[in-house]
**Q** 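If you scroll down you'll find the structure; I have some questions about it.
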Number of protein chains: 2
Amino acid sequence: MPRLPSGGCLRGLLALVRCARLSGGPRRASGGPGCVPDPPAEASLLRGELDRFGGVSVRLARLDRVDTVTFQRALQAAVQQWRSEGRVAAWLHIPILQSRFIAPAAALGFCFHHAESDSSTLALWLGDGPSRLPGYATHQVGVAGAVFDENTRKILVVQDRHKLKNMWKFPGGLSEPGEDIGDTAVREVFEETGVRTEFRSILSLRQQHGVPGAFGKSDMYVVCRLKPRSFSIDFCQRECLRCEWLDLTDLASTENATPVTSRVARLLLYGFRAGFDKIDLTTEELRAAYTGKLCKLYHRELPDSYKR
Amino acid sequence: MPRLPSGGCLRGLLALVRCARLSGGPRRASGGPGCVPDPPAEASLLRGELDRFGGVSVRLARLDRVDTVTFQRALQAAVQQWRSEGRVAAWLHIPILQSRFIAPAAALGFCFHHAESDSSTLALWLGDGPSRLPGYATHQVGVAGAVFDENTRKILVVQDRHKLKNMWKFPGGLSEPGEDIGDTAVREVFEETGVRTEFRSILSLRQQHGVPGAFGKSDMYVVCRLKPRSFSIDFCQRECLRCEWLDLTDLASTENATPVTSRVARLLLYGFRAGFDKIDLTTEELRAAYTGKLCKLYHRELPDSYKR
């Protein structure tokens, strides 16, 4: 780790650090001449914001005129300052084109927390004991649609183009950030098969770890019951090898279906005979306690006398 | 974007690019003297591996002697080469201490795909049409435990220390990567309350978007039914303000509980009176079709005659 410079230069660096003291509006640094340069961009270099968890968050604006050595020294002094102020964590939000500051921060102990598209976020735990930094997203969520036509007793299935074994499965795909589960099912079924549908219920939830193509993340896979609104198939040739309306009893008994597909086909067969209320999870919108936002809750049917 | 150099230097760069042609084992570049330097580290700079989706993946080993200008020119030539070979995507895996190469890659169109701890991954879509690059994890998964003692008809609830409103809720927390839902519930309940429990079933699934503290990601929240194995409370003072065994009927009727807690309390009350099979999702282990790994599937109870 680089050592702090001595003498006059230290004054300039401490001026930079003062900007990071979270004490309100922008300040101009006051380093002496010939020491740390003091253009407006640099003066705001390490200005941070305090979050409600006791951490400090610094957004690195455009720092075209700041070199990495100056940055690293300023960051080291800032970290010392934040520790002395009792901050528990430091966060750096770095635009991708300013990524030359990542390695100097890493040399001071910062690690990637996450990165996406055109920026990365680095974090350093400053509190006592082991890090209690919150994690980032850990799961991908896949959603499949079991589209069952009660009139013909047929169900919509596909075979993937790129698999070694050609097994029947339900059309589906990954939920996009911010997308409701039922909406993912309807969208993916249409994109893959050309069939329009309507969400009915959630039938099943599967969890799996170490899924190929998930970059080491875990996978949640939800199967929804959908009702068809159109019937003619126009399937995506890039993704699918075959797409058919198959007799539900055939799908429930064939060896040529994935285990989850086979199980859900049997669940549907039971639901068709005994009533879908036997297999469905109901959907309800509730208001979240703290954010006041609507959220969707899925569970077994609850008699009206128990609701409020 | 930087232009390709002309004359002799071009020869040296093309030598670097040849290493990225994915055509087998390591090759030595053969740039002329005084042009692009050719130490072993640099010769392997852009050697890539072809993935099964038609993309090329380059792991940037230690490139201590490669400057960013040389890297950017080599990368630009490599991208041209990959395009001409019909590759659909290029991936760069960059150790955090080599992050000086991120901005030059970004100037050529690469974006962050993800980053974690001590490395980042950048990607560039090379195929036709809009990007079909796979996404990264989009969700965090929270798990809560509804620990109900059938003998006393009491249920274990907590109040968060850091909330503005002190409302009763079930103890719980985020699922760790690779952790089963039931295991998260048991672990979090113990860490938060000191009570030991046993997983019984999944009761409810909630989805929510734009949750605070989720870094803009979506949130899945699973409530499990747990059976207590110990009863004395030793709660985490850092996280919780209060922790109590509350009468289930009181929790189902109080205004002082979050909406989801209140709803699940009513579901439990119904299950206690009518049978837990009315509210539970059963858990079963199945073998995944392609990976052969075990996965856990949750759905409504299916009569044995329907299983195989």
Side-chain angles (χ1 to χ4, degrees), chain A residues 96-97 99-100 102-103 106 111-112 114-118 120 134-141 163 167 174-175 177-178 180-181 203-209 212-213 215 217-218 220 258-260 263 266-267 269-270 278-279 286-291 293 295-300 302-303 306, chain B residues 96-97 99-100 102-103 106 111-112 114-118 120 134-141 163 167 174-175 177-178 180-181 203-210 212-213 215 217-218 220 258-260 263 266-267 269-270 278-279 286-291 295-300 302-303 306:
Chain A
I96 193 167
L97 291 175
S99 293
R100 67 182 183 279
I102 293 174
C111 284
F112 280 116
H114 65 274
E116 200 163 6
S117 185
D118 59 359
S120 65
Y136 197 55
T138 48
H139 288 66
Q140 64 179 25
V141 175
K163 299 288 185 186
M167 304 185 94
L174 291 180
S175 200
D180 280 7
I181 289 168
L203 290 177
S204 172
L205 178 68
R206 184 201 65 186
Q207 69 164 24
Q208 201 176 350
H209 310 300
F215 302 91
K217 295 298 174 180
S218 291
M220 297 270 277
T258 71
V260 172
R263 169 58 57 95
R266 285 153 184 272
L267 200 64
L269 200 59
Y270 171 56
K278 291 274 192 288
I279 61 168
L286 290 180
R287 205 164 282 284
Y290 302 109
T291 63
K293 289 185 183 177
C295 63
K296 285 202 172 125
L297 191 70
Y298 308 91
H299 56 66
R300 286 287 299 141
L302 184 64
Y306 281 83
Chain B
I96 194 167
L97 291 176
S99 293
R100 67 182 183 281
I102 293 173
C111 286
F112 280 117
H114 64 273
E116 200 163 4
S117 186
D118 59 359
S120 65
Y136 196 56
T138 48
H139 289 67
Q140 64 179 26
V141 175
K163 299 290 186 185
M167 304 185 95
L174 291 180
S175 199
D180 280 7
I181 290 168
L203 291 177
S204 171
L205 178 68
R206 183 200 67 185
Q207 69 163 26
Q208 201 175 351
H209 310 299
F215 302 91
K217 295 297 173 184
S218 290
M220 297 270 276
T258 70
V260 172
R263 169 57 58 95
R266 286 154 183 271
L267 199 63
L269 200 58
Y270 171 56
K278 290 274 193 287
I279 62 168
L286 290 181
R287 207 163 280 284
Y290 302 109
T291 62
C295 63
K296 283 199 172 131
L297 191 70
Y298 308 91
H299 56 65
R300 285 288 296 142
L302 184 63
Y306 281 83

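Below, chains carry the letters A, B, ... as their sequence lines are ordered, and counting in each starts from 1.
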**Q** In terms of heavy-atom proximity below 4.5 Å to chain A, should B:Ser218 be classed as side chain, backbone, both, or neither?
**A**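 Only the side chain of B:Ser218 comes within 4.5 Å of chain A.
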
**Q** A:Leu174, A:Leu286, A:Ile96: which one forms the most heavy-atom pairs within less than 4.5 Å of chain B?
**A**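 The answer is A:Ile96.
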
**Q** Using every non-hydrogen atom in the two residues, find where A:Asp180 and B:Gln207 come nearest and quote the distance to one decimal.
**A**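 Here A:Asp180 and B:Gln207 meet closest at OD1-NE2, 2.6 Å.
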
**Q** So which of A:Lys217, A:Arg100, A:Met220, A:Gln140 has the largest heavy-atom pair count under 4.5 angstrom toward chain B?
**A**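 Among the listed options, the one with the most contacts to chain B is A:Lys217.
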
**Q** Can you say whether B:Leu203 sits under 4.5 Å from chain A via the side chain, the backbone, both, or neither, judging by heavy atoms?
**A**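 The answer is the backbone of B:Leu203.
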
**Q** So how far is it from B:Ser175 OG to A:His209 NE2, rounded to the nearest 0.5 Å?
**A**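 The OG atom of B:Ser175 sits 7.0 Å away from the NE2 atom of A:His209.
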
**Q** Measuring from atom CG of A:Leu297 to atom CD of B:Gln208, what distance do you get when rounded to the nearest 0.5 angstrom?
**A**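 Rounded to the nearest 0.5 Å, the CG-CD separation comes to 10.5 Å.
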
**Q** With under 30° as parallel and over 60° as perpendicular, where do the rings of A:His114 and A:Tyr136 fit, or are they tilted in between?
**A**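 Judged by the thresholds at 30° and 60°, the geometry between A:His114 and A:Tyr136 is parallel.
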
**Q** What option among B:Leu269, B:Val141, B:Val260, B:Asp118 has the most heavy-atom pairs under 4.5 Å with chain A?
**A**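 Max contact count across the listed options: B:Val141.
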
**Q** What is the distance from atom CG of B:Leu205 to atom OH of B:Tyr298, rounded to the nearest 0.5 Å?
**A**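 Answer for the CG-OH pair, B:Leu205 versus B:Tyr298, is 11.5 Å.
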
**Q** Determine whether a donor-acceptor pair (N or O, by modelled atom type, separation under 3.5 Å) exists between the side chain of A:His299 and the backbone of B:Ser204.
**A**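 Looks like no, no N/O pair under 3.5 Å.
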
**Q** Of all of A:Lys278, A:Arg206, A:Lys296, A:His139, which one pairs up most often with chain B through heavy atoms under 4.5 Å apart?
**A**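 Most pairs with chain B among the choices: A:His139.
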
**Q** Give the member of B:Ala106, B:Cys111, B:Ser99, B:Ser117 that has the highest number of heavy-atom pairs under 4.5 Å with chain A.
**A**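 Max contact count across the listed options: B:Ser117.
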
